[in-house]
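Numbers for residues simply follow the sequence, beginning at 1. Counting convention: from 1, in listed order, for ligands and their atoms alike.
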Amino acid sequence: MDDRFDAVVVGAGFAGLYMLHKLRGLGLAVRVFEAGDGVGGTWYWNRYPGARCDVESIEYSYGFDEELEQEWEWTERYATQPEILRYLEHVADRFDLKRDIRFNTRVASATFDDGTNRWTVRTEQGDEVDSQFLIMATGCLSAANMPVFPGQETYEGRILHTGQWPHEPVDLTGLKVGVIGTGSSAIQSIPIMAEQAEDLVVFQRTATYSVPAHNRPLDKEELADVKRHYRDLRRANRQTMVGFGGWQTPSEYAALSCDDDTRRRVLDERWARGGLSFLGGFTDSLLLPDSNELVAEYVRDKIRNIVKDPSLAEKLAPRQVIGCKRLCVDTGYYDTFNRDNVRLVDINEDPIEELTPTGIRTRSGSFDFDVIVFATGFDAMTGALLRVDIRGTDGIPLQDAWAEGPKTYLGLSTPSFPNMFMITGPGSPSVLTNMVTSIEQHVEWIADCITHVGNLGRIEATPDATEAWIDHVNMIASFTLFPTCNSWYLGANIPGKKRVFMPLLGFQPYDVKCQEVAANGYEGFDISQPAPVRR
Ligand code: NA7
């Protein structure tokens with residue numbers, strides 16, 4: 001029947017595509033709903049200038065199919081958004097996935113029926129389908145955070161959000177452009193927008209640490225060598241805390257106990273290599289404030305060396321713990337502020353008062369803009385889940401169940417919502433890792449679990465296991481410096497959002513835990529399976 005499925009998957013990004021492929025391989029009837037008119041998820045929506053992944057392309061790719069691995073040729077160390085989107089299109093075509101995906105279709109609600117142990121899923125476009133399992137592959141950074149400033153409705157220019165960038169090219173040549181936000185999206189796009197715009201004003205709330213990407217074309221030999229050893233790389237990545245960098249030698253130094261020369265050498269080497277592994281130079285820098293400060297000051301010094309105006313350099317030099325907010329990876333970000341057509345407004349000193357018909361008025365001045373770019377990020381990790389009206393046993397809304405913050409067991413499941421899984425949900429390592437490694441691990445675990453539960457069965461996380469898991473996630477975070485700043489890991493970027501540290505630190509131990517849970521008959525879950533038919 002056309003409206004009855006074994007599994008409904010919401011979202012057709014990296015997670016949804018692999019989930020579909022995996023479940024279809026098990027012989028299940030699957031329907032994927034995707035709001036966009038193509039596959040790609042994050043890489044479908046984030047088309048802003050300069051959008052790139054900050055995990056290297058050879059690692060930010062699926063490892064589940066060796067032929068796919070061998071046939072795809074990444075061209076750069078860090079893949080651009082168009083290249084990743086082409087890759088996902090290729091994956092969708094290669095595995096004939098699109099025939100089970102309904103595009104331009106946004107899921108509005110999902111309601112669990114206690115009697116049948118099945119979900120009814122409704123879309124904004126009028127579909128109503130029935131499914132045993134509901135799998136939310138909605139992404140961690142997909143619900144745009146769109147702050148509303150006083151007077152915003154009066155602004156007569158164009159407002160763009162980096163995460164909802166138009167599909168047609170946006171030509172900023174000769175225009176006056178304002179950018180609100182200095183996170184990763186801003187840091188990637190500002191250098192490119194500055195080359196086009198006549199005048200670019202950046203409104204900064206929190207200065208950002210960024211390390212150079214040192215992006216470059218991948219040479220054929222290097223790629224061929226990776227392909228010869230891809231299995232080793234994927235295996236090694238699964239043994240790391242972050243799901244990438246498995247071939248890099250782990251740091252043997254603590255910043256606080258090594259001598260100045262060694263510390264300097266480690267930092268110089270990491271800076272020269274570029275990328276996120278900069279933060280892995282020392283074993284103690286995400287644990288101890290004094291160690292962290294040594295690394296942070298090194299980056300501030302780099303900023304002071306790059307930015308010619310000393311007072312501007314001080315404004316651009318972050319003060320919070322480095323790594324507490326996600327480290328950025330850039331090409332020419334700080335240097336962009338040496339340009340004559342680029343200005344910085346620190347909105348802590350000079351807050352945005354309102355948007356006017358012609359631009360932005362701060363406490364001390366007015367700026368005219370043709371375009372205002374909101375690089376203001378996302379309602380991370382829970383936003384996309386809570387924007388769907390999901391109702392579990394006794395009709396309980398997920399919004400109510402999570403009123404005090406997300407409550408998950410393993411980041412995969414939540415009590416009172418049987419037969420629902422989240423891919424890279426809050427409480428799993430997700431955004432603190434290479435997302436593709438985490439997605440593959442989750443998809444494979446969910447597929448095994450669904451096989452175990454079987455047709456007509458029901459699985460639900462227990463409240464006790466969930467409480468213990470939340471305590472575990474918080475306990476691990478409390479050993480680190482991560483909870484010390486207003487990051488989106490804590491939900492601090494969204495006014496009114498409950499502050500809870502959402503991701504779990506440490507991919508490898510988490511993977512082991514998930515394997516143990518499965519090996520122990522899915523401990524922490526209640527499973528009911530229909531009794532065998534008696535003859
Ligand atoms: P981020 O990293 O959340 O950055 C958003 C930026 O926007 C950040 O600088 C915020 O300042 C700023 N922001 C957010 N709301 C406001 C308001 N109301 N006023 C002024 N400034 C604001 O999002 P990105 O899209 O850049 O990157 C998300 C992830 O995508 C990134 O980590 C990578 O994993 C890829 P704040 O720091 O909150 O003070």
request  = Show your working on salt bridge (charged side-chain N to carboxylate O under 4.0 Å, His left out) between Glu293 and Arg300 and close with a plain yes or no.
outcome  = CA-CA 10 Å; Glu293 178 57 20; Arg300 286 185 212 118; 2.8 Å; yes
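Using a 3.5 Å distance cut-off with no hydrogens or angles, the side chains of Gln81 and Asn46 do not pair a donor with an acceptor. Side-chain atoms of Tyr18 and Glu440 include no donor-acceptor pair closer than 3.5 Å.
Not a single donor-acceptor pair under 3.5 Å links the side chain of Thr424 to the backbone N or O of Ile439.
For ligand 1, the 4.0 Å heavy-atom shell contains residues Leu141, Asn145, Pro147, Phe149, Ile180, Gly181, Thr182, Gly183, Ser184, Ser185, Arg205, Thr206, Lys325, Arg326, Ile347, Ala375, Thr376, Gly377, Phe378, Trp488.
For Leu287, the side chain to side chain contact (heavy atoms under 4.5 Å, CB included) test picks out Thr480, with sequence neighbours left out.
A cation-pi arrangement is present between Arg47 and Tyr44, with the terminal nitrogen or guanidinium carbon under 6.0 Å from the aromatic centre and inside a 45° cone about the axis.
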